2 protein chains.
Amino acid sequence: MTDFAAPLSPDASNPLLRLNNQLCFPLYAASRMLTKAYQPLLQELGLTYPQYLVLLLLWEHSELTVKELGEHLLLDSGTLTPLLKRMEQRQWLSRRRAPHDERSVIIGLQPAGEALRGPACRIPEQLLTRLDMPTEEFVALRNQLNHLLTRLQ
Amino acid sequence: MTDFAAPLSPDASNPLLRLNNQLCFPLYAASRMLTKAYQPLLQELGLTYPQYLVLLLLWEHSELTVKELGEHLLLDSGTLTPLLKRMEQRQWLSRRRAPHDERSVIIGLQPAGEALRGPACRIPEQLLTRLDMPTEEFVALRNQLNHLLTRLQ
DNA sequence: TACATATTAATTGTGCACAATTAAAACTTG
DNA sequence: CAAGTTTTAATTGTGCACAATTAATATGTA
């Protein structure tokens, strides 16, 4: 437990300046390390982690606009457009303009993307095993992160 | 609370496939959103978040090899080398080979980097205010993330 | 209807992030 | 000491991530 009552000074002894006393660094590092733990499983399917997230949404909804994908994933079109174009090239999904609103681009699940659902569906379990984390701890951490996420929006 | 005893099926109703029931997505999204919350504060100093992390370490140690920086930040030379070269150009730090081991590159804090310590030292407090999070919740989340981090290494 | 405003993707440019490879230097061991 | 192994950064190539800008379309309003 860190001393939060300590005086805040610019010198090196300020505990708030230590990486692991902050919230952001453990968050940043854990996110990268956990994504890296997905890597060997995703690689078998030729997927990156953000591409896997797009497929998770398409398996649930089968059609979504870029805007809707961005709202779910908290990513903007500058990230999604090139990513979705790469996925289109692999024929995992299709991109077409909405007939009623030419500004919107509708992303649709294609058979090759549907075909990844079976193998990919085992990934969450495999990661839970890999984490070897008590369920209570997993659920508590996840809930706190979702809570933080709502605070940050 | 999610039903962890549910049968694991590849269909869309599998709760493990929903983004917010997983650990990785909230982690990934919260990390990006929190880094984004740093952005306006860091921008005043011309820093990016990973560059700020490098400075936090240099304010504490004043000299570190690339390897040591990488160990603290969990980043490899492919990420650090170009980042450190950009910081060298700004004269925040220096890069030189270790005399006794020519393979190692020693990163040293320069006066311009030292000068950022004063203003940057207020950033953690400002973010705590911005988060408006109960201290217990902050500490609990931070500790769980540090714990997860040790699990992942 | 015309005009201003808002919405939506795409584009552009910069900066990570990381896997894989390369190359140099240091160490180990026969 | 020489040959092989290990360590350390750098390099290369791909893929995000996001700020800022652009352009097309849609909407609201006088």
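The analysis underlying the following values was restricted to heavy atoms, covering all of them including side chains, and did not include hydrogens, waters or symmetry mates. Just so you know, these numbers come straight off a predicted model, no measurement behind them.
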A:R86: partners by salt bridge (Lys or Arg N to Asp or Glu O under 4.0 Å), with sequence neighbours left out: none
Charged N to carboxylate O under 4.0 angstrom, A:R95 versus A:E88? yes
Under a 4.0 Å heavy-atom criterion, the protein footprint on nucleotides 8-18 of chain C, written with B, S and -, is SSBB---SSBB
Check salt bridge (Lys or Arg N to Asp or Glu O under 4.0 Å) between A:R130 and all other residues, then give those that pass, not counting sequence neighbours. none
B:L127 side chain near A:L23 side chain, heavy-atom distance below 4.5 Å: no
Between A:Y28 and the options B:Y38, B:Y52, B:Y49, B:Y28, the ring-ring contact (aromatic ring centres under 6.0 Å, His included) test singles out B:Y49
